[in-house]
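The next block holds one structure in the form of structure tokens; read it before the comments.
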Amino acid sequence: MTTGLKVWLWIVLVVNAISGVTAIATAMLIPLMWVVVVAEALVVAGAAMLLFPRKKMGFYLICAGAAVSLILNVVLGENVIGSVISAVIMPLIVWLLIKKTWYEFQ
């Protein structure tokens, strides 16, 4: 695993964990926000799976979390272009950083 990938996964892990915790507070008022909490949990679990046991499933969880987040943002009427960019950029960066060492993951 490259240093760049480790740094990026730690950033993804921390930022999405913080975002998930803050989404819990919002979910107390808006029940649909629990879906955001689940999406953030998927991304955090995926980053942790890539970092620690080095499982390929982690990448797929990150993609699933980004997809759920994108769908929810479209349903809620958020900025669609910004949502598409954020849902594509994060998994794309992970893929670009992991593709050379994909064989190292189980």
Would a 4.5 Å heavy-atom cut-off, applied to side chains only, mark Met28 and Trp34 as touching?
-> yes

With Ile81 via side-chain contact (heavy atoms from CB on, under 4.5 Å) - residues at least two apart = Asn79, Ile85

Tell me whether Trp8 is reachable from Trp102 by hopping between hydrophobic residues (I, L, V, M, F, W, Y) whose side-chain heavy atoms are closer than 4.5 Å.
-> yes

Non-hydrogen side-chain atoms of Ile62 and Leu50 separated by less than 4.5 Å = yes

Side chain to side chain donor-acceptor pair (under 3.5 Å) involving Ser19 - partner list, sequence neighbours excluded | Glu40

Would Leu96 and Val88 show up in the same hydrophobic cluster when neighbours are defined by side-chain heavy atoms closer than 4.5 Å?
-> no

Is the shortest heavy-atom distance from the side chain of Lys100 to the side chain of Thr2 under 4.5 Å?
-> no

Heavy-atom check, side chain of Val84 versus side chain of Leu70, under 4.5 Å | yes

Compare all side-chain heavy atoms of Phe105 with those of Met57 and state whether any distance is below 4.5 angstrom.
-> no

Are any of the side-chain heavy atoms of Leu51 and Leu5 separated by less than 4.5 Å?
-> no

Is Met49 linked to Trp10 within one hydrophobic cluster, defined over Ile, Leu, Val, Met, Phe, Trp and Tyr using a side-chain heavy-atom separation of less than 4.5 Å?
-> yes

Rounded to the nearest 0.5 Å, how far apart are CG of Asn16 and OG of Ser69?
-> 8.5 Å

Distance, nearest 0.5 Å, that separates CZ of Phe52 from CG of Leu9 = 9.5 Å

Taking every non-hydrogen atom, the tightest pair across Val43 and Gly65 | CG2-CA, 3.9 Å

Between Val38 and Val68, does a side-chain contact (heavy atoms from CB on, under 4.5 Å) hold up when you go through it step by step?
-> CA-CA 9 Å; Val38 170; Val68 169; 5.8 Å; no

So how far is it from Ser83 OG to Leu76 CG, rounded to the nearest 0.5 Å?
-> 9.0 Å

Go through the steps for Ile89 and Ile93 under the test side-chain contact (heavy atoms from CB on, under 4.5 Å), then give the verdict.
-> CA-CA 6 Å; Ile89 292 294; Ile93 291 172; 3.6 Å; yes

Checking side-chain contact (heavy atoms from CB on, under 4.5 Å) for the pair Val36/Leu72: CA distance, chi angles, key distance, verdict?
-> CA-CA 8 Å; Val36 173; Leu72 185 64; 2.8 Å; yes

CZ of Arg54 to CD1 of Ile98, rounded to nearest 0.5 Å, is 10.0 Å

Considering all heavy atoms of both residues, which atom of Cys63 and which atom of Pro91 are nearest to each other, and what is their separation?
-> SG-CB, 4.0 Å

CG of Leu92 to CG of Leu97, rounded to nearest 0.5 Å, is 9.5 Å

To the nearest 0.5 Å, tell me how far Thr101 OG1 sits from Glu104 CD.
-> 5.0 Å

How far apart are the closest heavy atoms of Val12 and Ala47, and which atoms are they?
-> CG1-CB, 4.2 Å

Parallel, tilted or perpendicular: which fits the ring planes of Trp95 and Phe59, with parallel below 30° and perpendicular above 60°?
-> tilted

May I ask whether Ile30 and Val35 are part of the same hydrophobic cluster, defined by side-chain heavy atoms of I, L, V, M, F, W, Y residues being less than 4.5 angstrom apart, directly or through others?
-> yes

Those residues that, when tested against Lys55, pass side chain to side chain donor-acceptor pair (under 3.5 Å) (two or more places apart) | Gln106

According to a 4.5 Å side-chain heavy-atom criterion applied to Ile, Leu, Val, Met, Phe, Trp and Tyr, with indirect links allowed, do Ile18 and Val37 form part of one hydrophobic cluster?
-> no

